[in-house]
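First comes the structure, then the notes that go with it.
Residue numbers count from 1 along this sequence. Below, each value reflects all heavy atoms present in this structure, side chains not excepted, and no hydrogens, waters or symmetry copies.
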Amino acid sequence: PFSDLRVRQAVAHAINRPLLVEQSLEGQGEPAAQVVLPGLFGSAPELEGLPFDPQRSLDLLAAAGYPEGFRTTLSCTRNRYVNDVQVCNALALMLTGIGIRTTAETWPSGEFFDMAAEGRFSLRLAGWGTGTGEASYTLRGLLATRDVERGTGISNFGGYSNPRLDAMIAEAVTLTDEGAREALLAEASRLAAADLGVVPIHFQY
């Protein structure tokens, strides 16, 4: 189901990010509209993300051919991120509320990342840090089509692929003009947010 953009949009609309941050994170974070922290080189600071709208989620699922929803499992780490078990359980409840009947399961970090790399999860909750301070690091690692020889999509374990996004990332990393590079990466960040190969949830403190 998650290969359909409408299903990914339904997931995004099902998540009440402010409530999640307030209760499950105990205020130790802020809602996210993109995979790169706003303000970093190549982010798109104006992005606001999809609002919490369960009815819109139901409509999108019906349009995608899942009027009765479906079952899935949300796989998460245990004690790797801030209150990750609580966040995992809350997300499972939110998705179940729109008909994606979700079972939450948690794993020690070592097992979780090994299993993720083997492609054994349908839906997973994980974190990412933009170590270089530039969006290309995150976009190339998380959302570029996985190609180990080329070094793209190293942590893209779900099979997501968008040729247009790939082309934008590939061009951006060759640009030496900082203004042009930042502008193209920001455009790539917008495309990534719209296509939801990763559904942004929150930035933890």
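- Shown here for L47 and A193, the closest heavy-atom pair between the two residues is CD1-CB, 3.7 Å.
- Between S75 and E105, the shortest heavy-atom distance links the atoms OG-OE2, 2.7 Å.
- A donor-acceptor contact shorter than 3.5 Å is absent between the side chain of Q34 and the backbone of S189.
- The neighbour count for E68 CD, taken as heavy atoms of other residues, nucleotides or ligands under 6.0 Å away, does not exceed 12.
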- For F203 and W128, what are the C-alpha separation, side-chain angles and deciding distance, and is it a ring-ring contact (aromatic ring centres under 6.0 Å, His included)? CA-CA 9 Å; F203 298 114; W128 183 270; over 10 Å; no
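- Taking OG1 from T102 and CG from L95, the interatomic distance works out to 4.0 Å, rounded to the nearest 0.5 Å.
- In this structure, R8 contributes its side chain and S3 its backbone to a donor-acceptor pair below 3.5 Å.
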- Task: Would you check, one step at a time, whether the test side chain to side chain contact (heavy atoms under 4.5 Å, CB included) holds for L25 with H202?
- Result: CA-CA 9 Å; L25 279 184; H202 66 267; 3.3 Å; yes
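- Residues L143 and F121 do not share a hydrophobic cluster, defined by chaining ILVMFWY side chains whose heavy atoms lie under 4.5 Å apart.
- Annotation: side chain of Q28 is not in contact with side chain of N83 (no heavy-atom distance under 4.5 Å).
- F41 has its side chain within reach of L185: a pair of non-hydrogen atoms, C-beta onward, lies under 4.5 Å apart.
- Listed for the T138 side chain is no donor-acceptor partner under 3.5 Å among the backbone atoms of A135.
- The minimum heavy-atom distance between V11 and I15, with the atom names listed, is O-CG1, 3.3 Å.
- A distance-only check finds a donor-acceptor pair linking the side chain of R146 to the backbone of I154 [under 3.5 Å].
- Linking Ile, Leu, Val, Met, Phe, Trp and Tyr residues whenever their side-chain heavy atoms come within less than 4.5 Å leaves F112 and V198 in two separate clusters.
- Hydrophobic cluster membership is shared by L142 and Y160, with clusters built from Ile, Leu, Val, Met, Phe, Trp and Tyr side chains linked at under 4.5 angstrom.
- No side-chain donor from either of S109 and T77 sits under 3.5 Å from a side-chain acceptor of the other.
- I201 is listed as a side-chain neighbour of L20, based on a closest heavy-atom distance under 4.5 Å.
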- Query: Would D166 and T145 satisfy side chain to side chain donor-acceptor pair (under 3.5 Å), going step by step from the backbone distance to the final call?
  - Reply: CA-CA 7 Å; D166 288 342; T145 300; 2.5 Å; yes
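- Closest heavy-atom contact between A64 and D4: CB-OD2, 3.7 Å.
- Of all heavy-atom pairs between A92 and A104, the closest is CB-CB, 3.9 Å.
- Here D195 does not pair with R164 in a salt bridge; the nearest charged N to carboxylate O distance is not below 4.0 Å.
- Here the closest heavy-atom approach between residue S24 and residue A90 is recorded as OG-CB, 3.4 Å.
- Hydrophobic clustering (side-chain heavy atoms under 4.5 Å, transitive across Ile, Leu, Val, Met, Phe, Trp, Tyr) groups L191 together with V35.
- By the 4.5 Å heavy-atom criterion applied to side chains, D84 and C76 are not counted as neighbours.
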- Worked verdict on R78 versus T106 for side chain to side chain donor-acceptor pair (under 3.5 Å): CA-CA 6 Å; R78 188 185 307 150; T106 62; 3.1 Å; yes
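- With a 4.5 Å cut-off on side-chain heavy atoms, H13 and P54 do not count as touching.
- Remark: side-chain polar atoms of T96 are not paired, donor with acceptor, to backbone N or O of R101 under 3.5 angstrom.
- Of the inter-residue distances, the one linking L165 atom CG with N162 atom CG reads 5.5 Å to the nearest 0.5 angstrom.
- Relative orientation of the Y81 and F113 rings is perpendicular, given thresholds of 30° and 60° on the angle between their planes.
- A salt bridge links R190 to E46: one of the charged nitrogens lies within less than 4.0 Å of a carboxylate oxygen.
- Between the CD atom in Q9 and the CG atom in D59 there is a gap of 12.0 Å [rounded to 0.5 Å].
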- Test log, rule side chain to side chain donor-acceptor pair (under 3.5 Å), inputs D147 and T152: CA-CA 5 Å; D147 186 329; T152 62; 5.1 Å; no
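- Judged purely by atom type and a 3.5 angstrom limit, T103 has no side-chain atom pairing as donor or acceptor with the backbone of L74.
- Under 4.0 Å is where a charged nitrogen must lie from a carboxylate oxygen, and between E178 and R181 no such pair does.
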- Message: Could you walk me through whether V7 and L60 satisfy the side chain to side chain contact (heavy atoms under 4.5 Å, CB included) test, starting with their C-alpha distance in whole Å, then the side-chain angles of each, then the deciding distance to 0.1 Å, before giving a yes or no?
- Response: CA-CA 7 Å; V7 173; L60 285 161; over 6 Å; no
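- At distances below 3.5 Å, at least one donor-acceptor pair connects side-chain atoms of R17 with backbone N or O atoms of P200.
- V199 and F157 end up in different hydrophobic clusters when Ile, Leu, Val, Met, Phe, Trp and Tyr side chains are linked at under 4.5 Å.
- Contacts classified as ring pair (Phe, Tyr, Trp, His ring centres under 6.0 Å) and involving residues 47-71 (residues at least two apart or in different chains) are given here: F2-F70, Y66-F70.
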- Could you walk me through whether E134 and T132 pass the side chain to side chain donor-acceptor pair (under 3.5 Å) check? CA-CA 5 Å; E134 180 179 302; T132 63; 5.9 Å; no
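- In this structure the side chain of M168 reaches within 4.5 angstrom of the side chain of E187, judged on heavy atoms.
- Put simply, the side chain of L37 does not reach to within 4.5 Å of the side chain of T130, judged on heavy atoms.
- Between L123 and T73 there is no side-chain heavy-atom pair separated by less than 4.5 Å.
- Put simply, the side chain of S43 gets close to the backbone of L40: a donor and an acceptor are under 3.5 Å apart.
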